[in-house]
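Notes follow the structure.
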Amino acid sequence: MTAPSTHMVSLTFDNFGEAFDLQNRDGSENQTFGAHPSASVLPEILDHLDATELKATFFVEGWNAEHYGPSLMDMARRGHEVSLHGWRHEDWANQTEAGRHLILEDCVEAFGTLGLTPSGLRPPGGVSTSDTAALLAEFDLSYVSPLGHTVDVTTNQVSLPFQWTHVDALYFEPLLAKGRARLLGRSVLAEISAWDAALESLLYARANAATYRTVVFHPYLLAEKRRMHTFKTFTQRLAEWTQGSCVPCRVAADHARSNPDWVAELRRTPPAMGSDELLTAF
């Protein structure tokens, strides 16, 4: 893994298996477990990451520890970070504080049965609530990855933001039609070229400004051939990126905590506008 530099990108994956479907779509209770596109495409994703020598962060729902334990253990065995994305992708901000506590408790316990110790949380829905920092500290989670623009370091946690324009689901998930209309100008599924352009923008780093950006892929969306090709092309370029480095989120969080000058420089970089709106599906 390349050491952190002034310019960093974290390669991340959200959602796995049927957890999101069970929580948010009708009729999923009757489907056959193990047949989800996420499970079928994961070996190809992991083999490609091995080939490019990139390490990623997989944010997976705790439910998957009970149903896809071998898959989660394979992610970790290959050197990737496996962290939390709710229990069954419950909207984080819509839970009570007690509900959020129970979700983390169940997730950490389920991960522990696999010998996995998560380092962070990407809250489903993207919103980090006022009690999130204290909850994460209680469960020894060092960072949160919510919607936002700037890396932030407090006593209890590091915040590593993502923006919707760097999330594949914005372009290709049917449930995000309203979000596409607001952020991209059209509600229909986007052309692959729009996602290509967003990924390309991640690899440009201004010489006089530090940058940290997060790219988000969803394994089930990569089951489509053209999207998988785009993923492989981008990650190959990311592996060859000379202006910066690709690091898992826990490495970025540790770097932010120990390098306040880097964080201060990030905060002086003007953010992109309009890409941190709340979109309800994810």
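Being a predicted model, the structure only gives us computed values, none of them experimental.
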Got a donor-acceptor contact below 3.5 angstrom from the Lys232 side chain to the Ile45 backbone? no
For the side chain of Thr96 and the backbone of Gly99, is there at least one donor-acceptor N/O pair under 3.5 Å apart? yes
Heavy atoms of Arg180 and Tyr171 approach each other most closely as CD-O, 3.7 Å
Distance from Ser128 atom OG to Leu121 atom CG, nearest 0.5 Å? 7.5 Å
Locate the shortest heavy-atom distance separating Leu221 from Arg227; write the atom from each residue and the value. O-CD, 3.1 Å
Exceeds 12 heavy-atom contacts within 6.0 angstrom, atom CD of Glu191: no
Can a donor-acceptor pair be found, under 3.5 Å and without considering hydrogens, that links the side chain of Ser187 to the backbone of Ala181? no
When rounded to the nearest 0.5 Å, the distance separating CZ of Arg226 from CE of Met228 is 14.0 Å
Taking the six-membered ring where the residue is Trp, are the ring centres of Trp195 and Phe234 under 6.0 Å apart? no
List in chain and number order the residues that pass side chain to side chain contact (heavy atoms under 4.5 Å, CB included) with Cys107, two or more places apart in sequence or in another chain; answer none if no residue qualifies. Leu84, Trp87, Ile103
Pick out which of Asn15, Leu46, Leu72, Asp14 makes a side-chain contact (heavy atoms from CB on, under 4.5 Å) with Phe58. Leu46
Any non-hydrogen side-chain atom of Val215 less than 4.5 Å from a side-chain atom of Val9? yes
Can you measure from NE2 (His7) to CG (Leu266) and round to the nearest 0.5 angstrom? 10.0 Å
Basic-acidic side-chain contact under 4.0 Å: Arg268, Glu265: yes
Measuring centre to centre across the rings, with the benzene-like ring taken for any Trp, is Phe231 within less than 6.0 Å of Phe217? yes
Determine yes or no for a side-chain-to-main-chain donor-acceptor pair under 3.5 angstrom, with Arg213 supplying the side chain and Leu202 the backbone. yes
Evaluate the side-chain proximity of His67 to Glu18: yes if any heavy-atom separation is below 4.5 Å, no if none is. no
Between the main-chain N or O of Thr230 and the side-chain N or O of Thr233, is there a donor-acceptor pair closer than 3.5 Å? no
Keeping the roles fixed (side chain from Trp241, backbone from Cys246), state whether a donor-acceptor pair exists under 3.5 Å. no
Evaluate the ring planes of Phe162 and Trp164, with Trp represented by its six-membered ring, and classify them as parallel (under 30°), tilted (30 to 60°) or perpendicular (over 60°). perpendicular
Could you walk me through whether Glu173 and Tyr220 pass the side-chain hydrogen bond (donor to acceptor under 3.5 Å, both in side chains) check? CA-CA 10 Å; Glu173 169 53 55; Tyr220 74 92; 2.5 Å; yes
What's the verdict on side-chain contact (heavy atoms from CB on, under 4.5 Å) for Thr129 and Trp92, showing C-alpha distance, side-chain angles and the deciding distance? CA-CA 8 Å; Thr129 57; Trp92 184 252; 3.7 Å; yes
For the backbone of Pro219 and the side chain of Ser38, can you confirm whether one donor and one acceptor N or O come within less than 3.5 Å of each other? no
Within a strict 4.5 Å, meaning less than it, do heavy atoms of the Leu114 and Val82 side chains meet? no
Closest heavy-atom pair, Ala239 versus Leu54, reported as atoms and distance to 0.1 Å, is CA-CD2, 3.9 Å
Who pairs with Glu138 by salt bridge (Lys or Arg N to Asp or Glu O under 4.0 Å), at least two apart in sequence or on another chain? none
Between Gln157 and Ala133, which heavy-atom pair has the shortest distance, and what is it? OE1-CA, 3.1 Å
Once the angle between the rings of Phe59 and His85 is folded into 0 to 90°, is it parallel (under 30°), tilted (30 to 60°) or perpendicular (over 60°)? tilted
Check whether Ser159 reaches the backbone of Val151 with its side chain - one donor and one acceptor, N or O, closer than 3.5 Å. no
One pair to check against side-chain contact (heavy atoms from CB on, under 4.5 Å): Val158 and Asp152. What are the steps and the verdict? CA-CA 6 Å; Val158 177; Asp152 189 34; over 6 Å; no
Is a donor from one side chain sitting under 3.5 angstrom from an acceptor on the other, for Asn156 and Thr154? no
Would you please test Leu203 and Gln243 for side-chain contact (heavy atoms from CB on, under 4.5 Å) and show each step? CA-CA 8 Å; Leu203 299 176; Gln243 289 181 288; 5.8 Å; no
Under 6.0 Å between ring centres, would you say that holds for His218 and Phe16? no
Distance in Å, Leu135 CG paired with Glu97 CD, rounded so as to fall on 0.5 Å steps: 5.5 Å
Smallest heavy-atom separation, Thr214 atom then Pro161 atom, equals OG1-O, 3.1 Å
Does any donor atom in the side chain of Arg122 or Thr12 lie under 3.5 Å from an acceptor atom in the other side chain? yes
From His255 atom NE2 to Tyr212 atom OH, the distance as rounded to the nearest 0.5 Å: 11.0 Å
Taking the side chain as everything from C-beta on, heavy atoms only, tell me whether Ser201 gets closer than 4.5 Å to His166. yes
Grab the two heavy atoms, one from Thr57 and one from Glu81, that are nearest each other, plus how far apart they are. OG1-OE1, 2.8 Å
Lys/Arg cation over aromatic Tyr143: Arg250, 6.0 Å, 45° cone: no
Find the distance between CG (Leu104) and CG (Leu141) and round it off to the nearest 0.5 Å. 6.0 Å
Evaluate the criterion side-chain hydrogen bond (donor to acceptor under 3.5 Å, both in side chains) for residue pair His36 and Asp21; output intermediate values, then yes/no. CA-CA 10 Å; His36 195 272; Asp21 292 345; 3.1 Å; yes
Any chance you could lay out the side-chain contact (heavy atoms from CB on, under 4.5 Å) test for Met75 and Tyr68, step after step, and finish with the verdict? CA-CA 11 Å; Met75 296 171 189; Tyr68 288 100; over 6 Å; no
State, without any angle test, whether Asp131 and His101 hold a side-chain donor-acceptor pair at a distance under 3.5 Å. no
Mark yes or no for whether Gln95, through its side chain, and Asp91, through its backbone, hold a donor-acceptor pair below 3.5 Å. yes
Under-4.0 Å salt bridge between Arg78 and Asp47: yes
